[in-house]
Novice: 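Quick one: this structure, given as structure tokens, is what I'll be asking you about.
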There are 2 protein chains.
Amino acid sequence: MVRTGKGNGGGAGGCGPGIVVGLNAVIIAVTDEEPRVLTVSVPGDTPMEGGAPAAVGEGAETQEALPTGPLDPKGDRTLELALRRWVRAQTGLELGYVEQLYTFGDRFRDPRERRGGPRVLSVAYLALVREGRVAGESPSRWRGVYRFFPWEDWRGGPPSIVERRLLPAVEAWVREAPGRAARELRRERAAVAFGRGRDRWDGERVLDRYELLYEMGLLPETIRDARAAGEKPPEAVARPLPGSSLAFDHRRILATALGRIRGKIRYRPVVFELVPEEFTLLRLQRTVEALSGIRLHKQNFRRLVDSGGLVEGTGRLEQGSRGRPAELFRFRREVILERPAPGVGLPARSR
Amino acid sequence: MVRTGKGNGGGAGGCGPGIVVGLNAVIIAVTDEEPRVLTVSVPGDTPMEGGAPAAVGEGAETQEALPTGPLDPKGDRTLELALRRWVRAQTGLELGYVEQLYTFGDRFRDPRERRGGPRVLSVAYLALVREGRVAGESPSRWRGVYRFFPWEDWRGGPPSIVERRLLPAVEAWVREAPGRAARELRRERAAVAFGRGRDRWDGERVLDRYELLYEMGLLPETIRDARAAGEKPPEAVARPLPGSSLAFDHRRILATALGRIRGKIRYRPVVFELVPEEFTLLRLQRTVEALSGIRLHKQNFRRLVDSGGLVEGTGRLEQGSRGRPAELFRFRREVILERPAPGVGLPARSR
DNA sequence: CTCCTTATGCTCGTTATGAGTATAAATATC
DNA sequence: GATATTTATACTCATAACGAGCATAAGGAG
């Protein structure tokens with residue numbers, strides 16, 4: 001009957017558990033039509049689950065990471081409450097919408113594991129907050145999400161990085177597969193992730209794309225991790241793709257989060273967690289566009305949310321904007337009682 | 001710093017970690033038009049993450065539970081591989097489709113926690129297998145999923161239990177709320193979970209319903225857990241709802257899994273993991289119906305999967321059935337390259 | 001007053017969906 | 001062997017949902 005970790009005692013330090021658990025928060029806001037994520041600075045050698053705060057900014061090179069905190073096994077009633085607790089303490093943010101994202105537990109995702117450190121599990125959460133008010137004095141800041149995934153922002157048409165670097169690299173990767181069968185496999189994986197070209201790009205497959213790029217050796221993480229393992233990178237690539245990285249596997253976690261949001265937005269009214277109580281329809285649309293990374297047809301968006309019962313007009317108008325003043329709307333909570341899956345129903349493809 | 005569990009020492013046995021991690025498998029198959037889940041027998045006092053195998057079947061009353069296994073922090077490269085490993089060892093099953101479901105970590109979900117035991121986290125996985133071949137000699141067996149959720153099977157119309165017990169109880173629960181505000185809150189929660197009546201029942205909200213029923217005190221778990229906590233059940237209910245329970249919070253985990261499958265089936269071609277290589281369209285339809293719990297329109301289902309490009313005919317016919325022989329079809333793998341979200345697109349409501 | 005900008009209303013063709021009707025090809029029954 | 005029964009499969013039809021575009025309204029800037 002399945003004992004955990006065949007002998008809890010076998011792990012690090014003679015008596016340690018061999019496994020430690022941390023909680024991870026992907027906190028998303030949309031400001032200035034840009035989706036943003038809250039990151040913190042950690043010293044270069046910080047263990048993932050925290051550690052002595054090691055005097056941040058004391059000289060050693062710091063990395064950017066997602067906020068991480070502990071579960072107090074004797075105190076926190078649920079994982080989510082634990083997350084809310086330490087996010088409040090760390091950043092001053094009172095989280096609204098929170099959902100569990102995924103639990104990450106690959107071996108060596110914390111490099112210290114190679115030096116006898118414990119296996120580190122992270123239960124990652126996605127949180128949406130309304131504004132960019134970071135109250136904490138902690139070294140946290142809002143970063144544009146597309147800083148980490150430049151290839152995911154199609155609002156201005158196909159990003160040049162996709163055309164110029166990504167697709168050619170993918171094609172080369174498929175071509176250079178060792179053997180016919182491997183080539184077919186790669187072709188299919190590439191087609192699923194990138195939709196065989198600029199057409200058919202599926203906005204939700206953020207994680208598939210990230211993982212493929214990682215595997216192809218196009219990301220700095222690939223080199224970093226291979227070096228840590230004492231191997232040489234899979235296929236030495238001239239230069240990594242543009243786009244910032246994050247410590248540990250946190251860019252992967254962020255990719256998971258972005259994909260989840262893009263999916264969720266279609267069938268649950270989660271956008272409203274990101275806009276003020278009252279908003280113009282354009283603001284709502286821009287928020288959806290920021291997250292989904294594509295442009296939407298204005299009139300149809302209006303029809304969708306208005307006659308779809310997602311919003312109701314307040315009768316009041318927005319002040320101080322260019323052009324004809326827009327009516328302020330608010331979310332119609334009743335819609336969740338009326339329709340099974342009220343979302344904004346993005347088009348399959350952009351444009 | 002966040003060491004896990006602020007005071008690793010406080011836990012079980014003086015040196016325990018305070019947190020232990022287990023993996024949980026919800027293994028689903030569909031046989032005889034019935035969705036089934038693999039369960040195992042555990043002695044009444046088994047700790048969730050396993051422990052000394054305590055001689056199964058030695059007299060003490062046994063409970064039914066989901067298969068559970070460990071993560072070997074030094075050996076298993078990923079959580080999913082760990083799961084595949086011990087499922088193979090325990091049951092002989094070679095899992096095909098596997099996806100992570102959710103991580104459960106509420107306090108006291110393992111009752112031994114109250115007696116100083118460690119906090120037990122379970123990372124639950126959903127696995128789909130083609131046939132009901134349980135090779136292992138372990139005390140595992142296939143149970144009909146609706147044995148645990150009789151109110152979720154609407155294939156024969158609204159289940160009598162819904163009409164006769166569930167909805168009346170829900171209405172009473174709303175009515176008896178302490179105060180006006182609480183009543184409104186309950187009304188809304190009930191409406192979301194149960195769709196304000198036999199109409200608008202959303203098949204995917206399995207977990208919402210389970211949790212509401214738990215909270216209402218309509219399940220044996222409510223009483224069990226309250227007793228373990230030394231409290232009295234929230235609102236003493238005459239008799240619990242029909243439907244088998246599972247050990248620990250495993251019925252909740254199963255509810256999560258069923259809801260996930262029902263959602264997934266709509267936009268990913270996962271049904272094909274549950275039928276043989278070649279199948280008739282009726283068989284495919286019955287499998288979808290078994291999972292979604294509703295009946296579908298035969299001709300439209302055919303149109304959906306056939307002209308939708310999900311399947312292709314083999315030209316061969318099924319042998320030995322009543323009526324006109326049906327053509328055998330197979331899954332068209334190419335569809336995942338062609339369409340972004342190929343699923344079977346269930347109707348919002350039944351009938 | 002005219003142009004520019006944004007908001008909002010409405011139309012139109014296409015596709016998807018829900019519900020049938022009709023016919024075909026087997027086996028079972030008398 | 002004719003007929004009923006059962007299941008498969010092909011089509012039709014009305015309606016809803018969707019994608020794209022035209023047209024008009026209501027502000028400010030020049």
Side-chain angles (χ1 to χ4, degrees), chain A residues 33 199-200 203 266-267 278-289 292 294-329 335 338-351, chain B residues 33 199-200 203 266-267 278-289 292 294-329 335 338-351:
Chain A
E33 309 191 355
D199 205 18
R200 296 179 209 271
R266 302 172 58 114
Y267 60 95
E278 302 195 345
F279 45 82
T280 67
L281 292 188
L282 183 58
R283 166 127 193 213
L284 189 68
Q285 180 181 342
R286 292 288 181 235
T287 306
V288 172
E289 289 174 341
S292 63
I294 57 175
R295 287 266 168 242
L296 300 175
H297 185 268
K298 188 169 180 172
Q299 296 92 320
N300 289 350
F301 181 82
R302 160 179 295 269
R303 175 176 65 188
L304 186 72
V305 299
D306 191 5
S307 50
L310 274 165
V311 300
E312 61 189 356
T314 63
R316 264 166 308 114
L317 300 180
E318 189 190 34
Q319 302 296 331
S321 56
R322 295 201 307 179
R324 174 174 166 179
E327 186 175 3
L328 288 168
F329 286 76
V335 74
E338 298 162 2
R339 299 210 343 235
V344 294
L346 305 169
R349 297 202 302 273
S350 95
R351 283 283 87 173
Chain B
E33 310 191 355
D199 203 19
R200 297 181 209 269
R266 301 171 59 115
Y267 61 95
E278 302 194 345
F279 46 82
T280 66
L281 293 188
L282 184 57
R283 167 130 193 210
L284 189 67
Q285 180 182 343
R286 293 287 181 237
T287 305
V288 172
E289 290 174 340
S292 63
I294 57 175
R295 288 268 169 238
L296 301 174
H297 181 118
K298 188 170 181 172
Q299 296 92 321
N300 289 349
F301 181 82
R302 159 177 294 269
R303 174 178 65 189
L304 186 71
V305 298
D306 191 6
S307 50
L310 273 165
V311 300
E312 61 190 356
T314 64
R316 265 165 309 113
L317 300 180
E318 189 189 34
Q319 303 296 331
S321 55
R322 296 202 306 182
R324 173 174 167 181
E327 186 175 2
L328 288 169
F329 286 76
V335 74
E338 298 163 1
R339 301 218 332 244
V344 293
L346 306 169
R349 297 201 303 272
S350 95
R351 280 283 84 175

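Side chains included, hydrogens not; waters and symmetry mates left out as well; all remaining heavy atoms used. Letters go in sequence order (proteins before strands), and every chain restarts at 1. Just so it is clear, the model here is predicted, and its values are computed rather than measured.
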Novice: Under 4.0 Å, counting only non-hydrogen atoms across every strand here, what does A:Leu282 touch: a base, just sugar-phosphate, or nothing?
Specialist: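 The answer is sugar-phosphate, as A:Leu282 gets under 4.0 Å only of primed atoms, P, OP1 or OP2.
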Novice: Nearest whole angstrom, please: distance from the P of D:dT12 to the CG of B:Asn300.
Specialist: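 Computing the B:Asn300:CG to D:dT12:P distance gives 15 Å.
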Novice: Select one nucleotide: of D:dA8, C:dT6, C:dA25, the one nearest the side-chain heavy atoms of A:Arg324.
Specialist: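 Comparing D:dA8, C:dT6, C:dA25 against the side chain of A:Arg324, the answer is C:dT6.
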Novice: What is the distance, rounded to the nearest whole Å, between atom CG of A:Leu317 and atom C1' of C:dT8?
Specialist: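 Between C1' of C:dT8 and CG of A:Leu317: 12 Å.
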Novice: Give a yes or no on whether a donor-acceptor pair under 3.5 Å exists between the nucleobase atoms of D:dT12, that is its base, and the side chain of B:Gln299.
Specialist: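 No, the side chain and the base share no sub-3.5 Å donor-acceptor pair.
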Novice: Could you state the atom-to-atom distance from CZ of A:Arg286 to C1' of C:dT6 in whole Å?
Specialist: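 In whole Å, C:dT6 C1' lies 10 Å from A:Arg286 CZ.
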Novice: Quick one: do B:Glu278 and B:Arg316 satisfy side chain to side chain contact (heavy atoms under 4.5 Å, CB included)? Show the steps, please.
Specialist: CA-CA 10 Å; B:Glu278 302 194 345; B:Arg316 265 165 309 113; 2.8 Å; yes
Novice: When you match B:Arg303 and A:Gly323 each to their closest nucleotide on DNA chain D, which lands nearer the 5' end?
Specialist: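 The 5'-side residue here is B:Arg303.
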Novice: Using atom CZ of B:Phe301 as one end and atom C1' of D:dA10 as the other, report the distance to the nearest whole Å.
Specialist: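 Rounded to the whole Å, the gap is 17 Å.
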Novice: Pick out which of B:His297, B:Arg302, B:Arg303 makes a side-chain hydrogen bond (donor to acceptor under 3.5 Å, both in side chains) with B:Gln299.
Specialist: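 For B:Gln299, the side-chain hydrogen bond (donor to acceptor under 3.5 Å, both in side chains) check succeeds only for B:His297.
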Novice: Which heavy atom of A:Glu327 sits nearest to which heavy atom of A:Thr314, and what is that distance?
Specialist: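 Smallest heavy-atom distance, with atoms named: OE2-N, 3.6 Å.
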Novice: Between A:Lys298 (NZ) and C:dT5 (P), how many Å, whole number?
Specialist: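 Taking NZ of A:Lys298 and P of C:dT5, I get 12 Å after rounding.
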Novice: Here's a test of your reading of the structure: between A:Arg322 and B:Arg302, which maps to the more 5' nucleotide of DNA chain D?
Specialist: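 Its nucleotide being nearer the 5' end, the pick is B:Arg302.
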Novice: Could you tell me how far apart A:Leu304 (CG) and D:dG19 (P) are, to the nearest whole angstrom?
Specialist: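 Going from CG in A:Leu304 over to P in D:dG19 covers 9 Å.
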Novice: A:Gln285 CD to D:dG19 P: how many Å, rounded?
Specialist: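 Value for this atom pair: 13 Å.
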Novice: Are any non-hydrogen side-chain atoms of A:Leu281 and A:Gln285 less than 4.5 angstrom apart?
Specialist: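 Of all side-chain heavy-atom pairs linking A:Gln285 with A:Leu281, none is under 4.5 Å.
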Novice: Using whole Å, what does the distance between atom C1' of nucleotide D:dA10 and atom NE2 of B:His297 come to?
Specialist: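 Interatomic distance, NE2 of B:His297 to C1' of D:dA10: 12 Å.
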